[in-house]
Amino acid sequence: MRRAAKRMYALVDCNNFYASCERVFDPGLEGRPVVVLSNNDGCVIARSQEAKDLGIGMGEPIFKCRDRIDAQGVVVRSSNYTLYQDLSRRVVETIGQFVPDIEVYSIDEVFLDLAPMAGRDLDELCRTIRGTVRQWTGIPVSIGVGTTKTLAKAANRIAKRTPESRGVHRFPEDEPERSRTLESIGIQDVWGIGRRWSRRFLDLGIATALDLTRVPPTEVRRNFNVVAMRTALELDGVPCQELETVVEPRQTLVRSRSFGEMVTDWTDLSEAIATHATRAAEKLRAEGGRAGRISVFLNTNRFREDLPQYHRSGTCELLPHTDVTPVILRRALELGRGIWREGFHYKKAGVMLSELAFEHPQSGLFDDRDHARDERLMGVLDRINRTMGPRTLQPAAVGRPERQRWQMKRAHHSPRYTTRWSDLPRTR
DNA sequence: TCTGGGGTCCTAGGACCC
DNA sequence: TCTGGGGTCCTAGGACCC
């Protein structure tokens, strides 16, 4: 009998990624508390270690920590996704120099398959990767190693929290260290167990990762679902998740935003829906896809319990699949008009394209559109917006920018030095 | 006053069919 | 009064992730 090759995974996770990115190009931020904000100046979505130490929470609304931010001289930055995406790509390329089989899990996380490196000193390999990424990109990373992805994730968390590990930690496989480590992990800190489930687990008396490994898997499945069961098995060292090295084509594409101020008129709402539909279609074409279904959704402000609540979506098929802005736009507005109701204060609207296809389009048997003409038209539209700046040409339905009262608030937005004439830096 | 955006997967339940 | 059962497909909603 041949024993299955032993698996070994690593998770490379960038420390405080967005905040670290801001520091790469502004070293004066080193040692200072830095936070990066979400859209609409809403929430804190990244914090440097110094900001975490001040007790500023992840996802905390800015208005709740405004006092601490002002008092402690915290540097506040808006998200610069173009920059983060570019640095992310460089981090991935650097890691790829050392390990061939990698899965880009998110903008700041990469799983590695270390099984082929079995003969090597894994600790040394990880320290080399960590040092090189820091040197080549300026981004600090932590690395966790384990026999399953879930254990690698847990080891990563330990690497980040224990200074002695100096950024690299391997999940122990031998007793009693293994059990002791599992016991030190609260159920709420297990990857794949969120707020709702951890509350339910705690009610059942399951408080740590070790407790979870001691529940029969079928029991976990019965009380939760197969995802939770896999998590429990992975904590116990049974791999249930492979490394996904091939990037699967996306299934959905969403464009949505909260409004700067609440909206009641159909006119304002229709401009927002038209804007999202236009952006979604642009993105779809940029990726070479076509959509077979479109949905539009509207929400009131869920935090305003004093106001009547309303959230609804409408959906319809796109036959044949399409990437043509006018087609998508018309459908989006029809759907939006169908679900809009007078008398509500709307806070958010969005457009979702789904049933996406990325292969060659099927010939439409039952439609009479001139597809060659559509394609030329969209080609010209995209080219103009690419060369002359985003939104140079837009459908009239998006409305006039100066009248878009629903637009995001962006009081903290830094100047768009490179994309807006009026924001060009000047010298005197 | 002020609370992000974009994804995936799973399951329950209804519609429909034979 | 008694009121099938099983399969498939679809969708909405709920959970999770970063």
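Letters go in sequence order (proteins before strands), and every chain restarts at 1. Just so it is clear, the values below take in all heavy atoms, side chains as well, and ignore hydrogens, waters and symmetry mates. Everything quoted here is computed from the prediction, not taken from an experiment.
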Side chain of A:Ser258 (C-beta onward), nearest among B:dC10, B:dT3, B:dG5: B:dG5
Residues forming a salt bridge (Lys or Arg N to Asp or Glu O under 4.0 Å) with A:Arg7, sequence neighbours excluded: A:Glu242
Salt bridge flag under 4.0 Å for residues A:Asp203 and A:Arg199: no
Nucleotide nearest A:Ser256 when distance is taken to its side chain, options B:dT3, B:dG6, B:dG7: B:dG6
A:Arg221 side-chain N/O to B:dC10 phosphate OP1/OP2 under 4.0 Å: no
OP1 or OP2 of B:dT3 under 4.0 Å from side-chain N/O of A:Lys347: yes
Pair A:Thr94, A:Gln97: side-chain N/O donor-acceptor within cut-off below 3.5 Å: no
Closest nucleotide among B:dT3, B:dC10, B:dT8 to the A:Val227 side chain: B:dC10
Pairs meeting criterion ring pair (Phe, Tyr, Trp, His ring centres under 6.0 Å) with involvement of residues 223-245 of chain A, two or more places apart: A:Trp197-A:Phe224, A:Phe201-A:Phe224
Spacing of the P atoms in C:dC18 and B:dT3 (rounded, Å): 24 Å
Below 4.0 Å: OP1/OP2 of B:dG6 and any side-chain N or O of A:Arg257: yes
Residue list, side-chain contact (heavy atoms from CB on, under 4.5 Å) with A:Ala357, at least two apart or on another chain: A:His321, A:Glu359
5' precedence on DNA chain B between A:Tyr18 and A:Pro249 (nearest-nucleotide basis): A:Tyr18
Under 4.0 angstrom between A:Ser38 side-chain N/O and B:dT3 OP1 or OP2: no
Nearest to side-chain heavy atoms of A:Arg293, which nucleotide of C:dT11, B:dG7, B:dG4: C:dT11
Length of the line joining A:Met352:CE and B:dT8:P, which is rounded to integer Å: 10 Å
For atom CG of A:Leu353 and atom P of B:dT8, their distance in whole Å: 13 Å
Upstream residue (5' side of DNA chain B) when A:Val254 and A:Val226 are each assigned their closest nucleotide: A:Val254
Sequence-aligned protein contact record of nucleotides 12-18 of chain C, with B where the base is within under 4.0 Å of a protein heavy atom and S where only the sugar-phosphate is: ---SSSS
More than 12 heavy atoms from other groups under 6.0 Å of CZ on A:Arg221: no
Parallel, tilted or perpendicular, as decided by the 30° and 60° cut-offs, for the rings of A:Tyr84 and A:Tyr18: parallel
Short side-chain N/O contact to B:dG4 OP1/OP2 from A:Lys348, under 4.0 Å: no
Secondary structure string for DNA chain B (Watson-Crick or G-U under 3.5 angstrom, | for other-strand pairs): ....||||||||||||||
Rounded interatomic separation in angstrom, taking CZ from A:Phe303 and P from B:dC2: 11 Å
A:Gln188 side chain to A:Ser198 side chain, donor-acceptor N/O pair below 3.5 angstrom: no
Non-neighbouring partners of A:Gln251 that pass side-chain contact (heavy atoms from CB on, under 4.5 Å), sequence neighbours left out: none
